[in-house]
Amino acid sequence: MTGLRAWQAECLEHAKSHYLSHRDFFVQATPGSGKTRLAAELAKWLFEEQLIDFVICFAPTREVVAGMQRTFSAVLGQRF
């Protein structure tokens, strides 16, 4: 996978520091902007830091689920 966009990298760093003292973080961006990639990168970090054990994803359509599955699998380097 290629590097993150500038907004994703900035948001990821903000989410990491926020998550250490809070258990929620909301990202709102336009469709196709890279929210799923950002979420996958954050999940990867949370796994690496042993702050989470698993991820549950909810999505509105099968197409969105398939896209999330591809992205998370690629970022995490394992079946998702």
Side-chain angles (χ1 to χ4, degrees):
M1 296 215 90
T2 60
L4 295 175
R5 297 173 186 153
W7 81 265
Q8 290 169 311
E10 183 179 339
C11 190
L12 179 60
E13 291 309 311
H14 184 68
K16 287 177 180 180
S17 64
H18 183 84
Y19 192 87
L20 295 176
S21 60
H22 301 84
R23 294 297 182 222
D24 60 338
F25 189 80
F26 181 75
V27 176
Q28 183 175 358
T30 59
S33 61
K35 295 179 298 294
T36 301
R37 172 69 192 279
L38 172 62
E41 293 289 347
L42 182 57
K44 179 180 178 182
W45 177 78
L46 292 167
F47 277 124
E48 289 170 350
E49 296 297 312
Q50 298 181 345
L51 295 170
I52 60 172
D53 297 317
F54 58 91
V55 174
I56 298 174
C57 292
F58 296 92
T61 66
R62 290 179 181 165
E63 291 80 12
V64 173
V65 169
M68 292 177 79
Q69 184 177 20
R70 284 190 302 273
T71 301
F72 272 73
S73 292
V75 170
L76 298 174
Q78 62 184 350
R79 186 172 167 261
F80 184 80

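No donor-acceptor distance shorter than 3.5 angstrom exists from the side chain of T36 to the backbone of M68, with no hydrogens or angles considered. Using modelled atom types, no side-chain atom of E13 and backbone atom of E10 make a donor-acceptor pair closer than 3.5 Å. Using a distance-only test at 3.5 Å, with no hydrogens or angles considered, a donor-acceptor pair links the side chain of Q8 to the main chain of G34.
Between W45 and L20, the shortest heavy-atom distance links the atoms CH2-CD2, 4.0 Å. Shown here for A40 and L76, the closest heavy-atom pair between the two residues is O-CD2, 4.1 Å. V65 and A59 get closest at one heavy-atom pair: CG2-CB, 3.5 Å. Nearest approach of F72 to C57, heavy atoms of both residues: CZ-SG, 4.4 Å.
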Just list the side-chain donor-acceptor pairs under 3.5 Å for residues 22-31, sequence neighbours left out, or say none.
{"from": "H22", "atom 1": "ND1", "to": "H18", "atom 2": "O", "distance (Å)": "3.3"}
{"from": "R23", "atom 1": "NH1", "to": "Y19", "atom 2": "O", "distance (Å)": "3.1"}

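The distance from the OG atom of S73 to the CZ atom of R79 is 8.0 Å, given to the nearest 0.5 Å. Between the CD atom in E49 and the NZ atom in K44 there is a gap of 12.0 Å [rounded to 0.5 Å]. Going from atom NE2 of H14 over to atom CH2 of W7 covers 12.5 Å, rounded to the nearest 0.5 Å. The distance from atom CZ of R37 to atom CZ of R5, rounded to the nearest 0.5 Å, is 9.5 Å.
Atom CD of Q50 has 12 or fewer heavy atoms from other residues, nucleotides or ligands within 6.0 Å.
Linking Ile, Leu, Val, Met, Phe, Trp and Tyr residues whenever their side-chain heavy atoms come within less than 4.5 Å places F58 and F54 in a single cluster.
Within the 4.5 Å cutoff, the side chain of F80 has heavy atoms near those of the V55 side chain.
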